[in-house]
Every structure is written in structure tokens, then in C-alpha cells.
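Working notes, beginning with the structure itself.
Just so we're on the same page: letters track the sequence lines, and every chain starts at 1.
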Amino acid sequence: MSSSVKGMRDLLGDELRWFQRIEEAVHRVFGAHGYREIRTPILEYTEVFKRSVGDSSDIVNKEMYEFLDKGNRSVTMRPENTAGVVRAMVDHKLLVNNDPQLFYYMGPMFRYERMQAGRYRQFWQIGAESFGVASPESEAESLVMLFDFLQGLGLKSLSLSLNSVGTPESRPAFNAAFRAFFDARANHFCEDCHRRIETNPMRILDCKNPGCQAALEGHPTIVEFLDEASKAHHTRLKELLTALDIPFTENPRLVRGLDYYTRTAFEVLSSDLGAQSALLGGGRYDGLVKMLGGPDTAAFGWAIGLDRLAMVLKQLQGDAPFDPPALLIPLGEKASAEAIRLAREWWGKGLSIQLETRGCPLKKALQSANRTGVKLALILGEGELEKGTVAVKHLDTGEQEEWSLEETALNLGGKGTRS
RNA sequence: GCGGCUGUAGCUCAGUUGGUUAGAGUGCUGGAUUGUGAUUCCAGAUGUCGUGGGUUCAAGUCCCAUCAGCCGCCCCA
């Protein structure tokens with residue numbers, strides 16, 4: 001019966017309330033860390049993604065919303081936002097003098113995929129990217145921000161899965177060793193892995209096939225073939241995380257699906273997401289800026305699935321807290337004129353007031369109020385008008401009392417509400 | 001891209017081996033005298049049976065196609 005485009009949904013009600021709550025925390029926490037927001041276009045030239053995400057990745061191969069515009073240029077609705085942010089850094093020449101540049105973003109991404117629990121064709125991501133700093137300290141800082149953000153939302157037991165995927169320089173050594181390991185037991189690996197050994201051997205490590213996982217027992221790890229600098233980097237990051245009380249587990253088989261990562265790679269999974277267990281992922285991508293035409297710049301970043309985060313929070317905490325405005329119900333012509341004036345005065349003081357403007361009988365007004373979740377009805381009739389009061393009905397308990405106008409402003413004051 | 005399940009009132013669903021006018025609960029609308037909801041009582045309305053074909057005297061029920069949703073694979077957020 002749905003008539004929205006497949007995989008794209010309307011956000012409203014409780015789900016939207018969780019989104020808003022998360023977004024508010026993003027601005028507050030990330031802003032406090034000195035990250036600034038960036039909003040890049042939803043549409044980029046297809047080339048931007050092909051060059052950054054990688055031609056061999058599934059995203060580019062089969063998941064992009066890609067089409068020709070009227071000028072016959074190939075454009076793509078962003079499947080992720082790191083590429084767009086890097087493109088913006090390059091365009092605005094923000095990286096020319098090597099100052100650190102810290103940015104965060106939030107917004108819809110698009111991937112043409114088969115739908116499933118926690119997976120949509122239009123989904124939202126929150127991400128943070130830091131440019132111009134190569135140190136493990138910058139990664140620790142970014143991860144602290146991430147964990148403070150998530151813990152602030154009430155997620156306590158998170159497991160960070162950590163690995164180093166090395167550098168383009170260190171990878172040949174690993175690939176050679178891994179190839180020898182693979183060839184010695186090649187018949188135990190699946191068809192896909194035989195393809196991967198030619199295109200991207202690392203990706204065999206996270207093949208989901210149980211047979212392949214078993215065959216990987218005792219495999220050479222990327223970490224043991226790291227160059228000295230990368231090895232020191234990896235060790236230092238682990239020391240920092242330990243000192244900062246950020247729990248992590250080393251996962252030598254963790255490899256990310258995007259081609260641009262170097263050195264640090266990580267993921268956080270959640271058991272509350274069904275098969276779509278990845279809540280967030282990220283890592284270092286020191287080569288990407290140069291690849292997109294900018295100066296050789298170190299970079300580190302990650303992205304969280306907002307839809308999935310909201311889903312986890314709902315599972316853990318139920319409905320998002322909601323404080324609906326009080327409903328002001330005037331009775332009669334005289335009262336309804338006064339109600340608008342009075343509400344305006346209260347709005348000016350920052351109160352949250354919804355006006356019943358239908359001029360309907362009180363019974364009907366209360367029925368609607370009850371249905372729409374109003375908690376407090378302020379009834380303004382002839383009698384109240386003369387006395388300068390309102391009849392205040394608490395819809396959850398049924399109790400009713402009478403407040404002066406001053407009392408009302410005082411009692412409702414400062415309560416921030418949103419739908 | 002591949003596989004499994006599902007689609008009947010706003011919502012949750014029932015509907016026999018095909019058989020006459022398609023049902024329940026909830027919700028909705030109106031009423032139980034004036035300015036009091038949610039609870040109670042009375043009355044009422046509700047449907048392209050996802051869509052399009054086919055088989056049949058007869059299809060919500062069987063067949064095919066298609067669309068959508070859920071779940072899984074791949075991959076990811």
C-alpha cells in the first residue's frame with residue numbers, strides 16, 4: 001500500500017524524535033571538540049565516488065544511484081560522505097597550509113540495495129573527519145569524542161573492534177606472505193576468495209563463509225608485516241585507548257569494504273540490529289586527499305548509521321522522551337479572541353502552547369487532546385475570563401485545578417518541547 | 001544481484017476441500033440534556049480482498065506475472 005519510493009521512508013513520530021535527540025547531541029558534543037559542521041551536496045559527479053570509494057567496491061559496482069543529468073554528465077547521489085567532504089576540502093583549498101581541519105556532517109546517503117532490517121536505500125549518516133594530522137593522538141581524540149557521544153546517549157556496552165590495514169608500502173609484504181598461506185590450502189577457500197586473492201587479498205580475511213574462516217586459522221596477520229612506523233603507530237594508539245578507558249578488542253581479520261583506508265581501521269557492532277550488525281565504521285585514509293587532487297594530507301574519520309543508532313536506542317530505551325505543549329482551549333467567541341492574545345504573550349516568554357482554534361465544543365477538544373497525547377489542557381471559558389484564571393486539566397490523572405495567568409506562565413515556564 | 005515468507009477495514013488479524021450479500025477485535029462517527037477526555041452503555045459507517053492476467057458455472061481462496069513489505073545471503077551504516 002506504500003507509495004513512497006522503495007527503500008525511502010517518511011520520518012515522523014517517535015523515530016523522528018530519536019533522530020532529533022541524536023542530532024542535538026551531535027551538534028553539542030562535536031561542536032565542543034572543535035569540529036565544525038559541513039554540508040556538502042547530495043549529488044556529486046560520479047567520478048568523485050569512483051575515484052575515492054574504489055572501482056572494485058560493491059558500492060561503486062552495484063549500489064550507486066547514478067544517472068546522467070540534462071547536460072549529459074554522470075552524477076551520483078552520495079553513497080557516503082567522506083568523498084564529498086574531501087572534494088570540498090580540495091575545492092576550498094582548506095588543506096594548503098597544513099592546519100588541522102576538523103569537520104562533522106549529518107545527512108541522507110543513498111545506496112541502491114535490497115531492503116532488510118535496518119537497511120534502507122535512503123539512510124542517514126553522521127560522520128566526523130579530521131584532516132592534516134597523522135598522529136595516533138588525533139585518532140584517540142576522535143574516538144574519545146565518538147565514545148562520549150554514544151555514551152551520552154545511553155549506550156554503555158559498546159565493543160570497539162580494531163585493526164591496522166597497513167599502508168600501500170607495507171601491503172606487498174603481507175600480500176606475499178598471505179598468498180603463500182592461501183596457495184597452501186587454496187582448495188578450502190570459496191570462489192569469491194579465489195577472485196579476491198587476485199584483486200584484494202586482504203578482503204579474504206572477512207569472508208563470511210564459515211569454511212573460509214576455518215581455513216584462515218593461523219593466517220599471517222597484517223599487523224606482523226607492518227613497516228616500523230605503522231607498527232609504532234598502532235601500538236601507540238592501543239596504549240592511548242587503554243589509558244583513556246576505551247575498551248577495544250584487536251581483530252586481525254577486520255578489513256573495511258572501502259578501498260581508501262590505511263593503517264587504523266575499526267568498527268563498532270551492535271547485537272540489537274539483526275543481520276545488519278554494523279553500527280559504525282571508520283579509519284585512517286591518508287592517501288585519499290591526494291587521490292582527489294589535493295595536497296598529500298593525512299586524514300582520519302568514521303561514520304555512524306543514524307537509522308541504526310536510533311533503532312538501538314529505541315530497543316534499549318523505548319520511546320524517545322516527549323513533552324507535548326499544553327493545549328489552550330477557549331470557549332466562546334470572546335474567550336477565543338483573548339486566547340490568541342494570551343498565547344502570544346506566553347509564546348513570547350518561551351512557553352510551549354498549542355491553541356485549539358476550531359471553536360468546537362469542549363468535549364470534542366478534549367477528545368482530540370487525549371488522542372494526540374496532550375498532557376495538560378488549559379480551559380479558558382467565560383468564568384475564567386472574568387476571574388483572570390484558567391481551568392487546568394491533567395489528562396493523565398483527570399485532576400483539575402485553577403491557576404491564575406501568572407501561575408500558569410510560571411508553572412509552564414522553561415519547558416522546552418518539540419514534536 | 002540471489003533465496004524464503006507475507007499482502008483482506010485506519011491498525012492487528014480470521015476467512016473451511018473454491019460456493020450466494022467478506023467477518024472479528026480495536027479504532028472511527030453520532031448519541032446517553034447546557035463547559036469535561038480517557039472508562040461504561042446504545043446506535044452507525046467503513047473494503048478496488050496489493051495490482052494485472054488466467055483456470056472455472058463460480059476465485060479472498062487455485063495458477064502465472066507484477067508491485068510492495070518482512071527476513072536472510074552478498075555488502076555495508
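By the 5.5 angstrom centroid cut-off and the 30-degree plane limit, Trp124(A) is classified as not stacked against the base of rA77(B).
Tyr112(A) and Tyr65(A) have their aromatic ring centers within a separation under 6.0 angstrom. Taking the six-membered ring for Trp and the full ring otherwise, the centers of Trp302(A) and Tyr261(A) sit at least 6.0 Å from each other. The ring of His194(A) has its center closer than 6.0 angstrom to the ring center of Phe182(A).
Contact of Lys62(A) with rC74(B) (side chain to base): a donor-acceptor pair of N or O atoms is detected under 3.5 Å. At a cut-off of 3.5 angstrom, counting only N and O atoms as typed in the model, there is no donor on one side facing an acceptor on the other between the side-chain of Arg256(A) and the base of rC76(B). Looking at Arg308(A), its side chain comes within 3.5 Å of the base of rC76(B) through a donor and an acceptor atom. No hydrogens or angles were tested; on distance alone, a donor-acceptor pair under 3.5 Å links the side chain of Glu113(A) to the base of rA77(B).
Two residues, Lys6(A) and Val374(A), neighbour RNA chain B, and the one matched to the more 5' nucleotide by heavy-atom proximity is Val374(A).
With sequence neighbours excluded, the residues forming a side chain to side chain donor-acceptor pair (under 3.5 Å) with Asp206(A) are Arg203(A), listed by chain and number. Contacts of Ala176(A) classified as side chain to side chain contact (heavy atoms under 4.5 Å, CB included), with partners at least two apart in sequence or in another chain: none. Under the ring-ring contact (aromatic ring centres under 6.0 Å, His included) criterion, Phe19(A) pairs with Trp124(A), sequence neighbours left out. Residues passing the ring-ring contact (aromatic ring centres under 6.0 Å, His included) test with Phe110(A): none are found, sequence neighbours excluded. Looking at residues two or more places apart in sequence or on another chain, you find a side chain to side chain donor-acceptor pair (under 3.5 Å) between Glu15(A) and Arg9(A). When the ring-ring contact (aromatic ring centres under 6.0 Å, His included) test is applied to Tyr260(A), the partners found at least two apart in sequence or on another chain are Tyr285(A).
Taking 4.0 angstrom as the limit, Arg196(A) places a side-chain polar atom (N or O) nearer than this to OP1 or OP2 of rC75(B). Taking 4.0 angstrom as the limit, Gln116(A) places a side-chain polar atom (N or O) nearer than this to OP1 or OP2 of rG72(B).
Distance, Leu254(A) CG to rC75(B) P: 14 Å, rounded to whole Å. Whole-Å rounding puts the Asp307(A) CG to rC76(B) C1' distance at 13 Å. Note: CE (Met115(A)) to P (rG1(B)) measures 14 Å, nearest angstrom. As a whole-Å value, the separation of Leu146(A) CG from rA77(B) P is 14 Å. Remark: P of rG72(B) and NZ of Lys208(A) are 14 Å apart, rounded to the nearest angstrom. Regarding Arg119(A), its CZ atom lies at a distance of 12 Å from the C1' atom of rG1(B), rounded to whole Å. Atom CD in Glu399(A) sits about 15 Å away from atom C1' in rG37(B), given to the nearest Å. Between Asp206(A) atom CG and rC75(B) atom P the separation is 7 Å, expressed in whole Å.
Nucleotides rU21(B) and rC41(B) have their P atoms positioned 34 Å apart, rounded to a whole Å. Of the C1' atoms belonging to rA43(B) and rU6(B), the separation is 37 Å, rounded to the nearest Å. Comparing the same atom, P, in rA68(B) and in rA59(B) gives a spacing of 28 Å after rounding to whole Å. Taking atom P in both rC62(B) and rG7(B), one finds a spacing of 10 Å when rounded to whole Å. Comparing the P positions of rC11(B) and rC76(B) gives a spacing of 37 Å, expressed to the nearest Å.
Among pairs with a residue in residues 181-191 of chain A, none fulfils side chain to side chain donor-acceptor pair (under 3.5 Å), at least two apart in sequence or across chains.
For the strand RNA chain B, secondary-structure stems (runs of at least three Watson-Crick or G-U pairs, all distances below 3.5 Å) span B:1-7 with B:67-73, B:10-13 with B:23-26, B:28-32 with B:40-44, B:50-54 with B:62-66.
Here the nucleotide nearest the side chain of Ala278(A), chosen from rC74(B), rG69(B), rA77(B), is rA77(B). The nucleotide whose nearest atom lies closest to any side-chain atom of Leu395(A) is, among rG37(B), rC73(B), rA68(B), rG37(B).
Backbone-only contact: Gly7(A) has heavy atoms under 4.0 Å from sugar-phosphate atoms and none from a base. Within 4.0 Å of Arg121(A), counting heavy atoms only, lies no atom of the nucleic acid at all.
Applying side chain to side chain contact (heavy atoms under 4.5 Å, CB included) to Phe147(A) and the options Leu241(A), Leu155(A), Leu158(A) leaves one that passes, Leu158(A).
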Self-check item: Under 4.0 Å protein heavy-atom contact, by nucleotide of nucleotides 29-36 of chain B - B base, S sugar-phosphate only
Solution: SS----BB

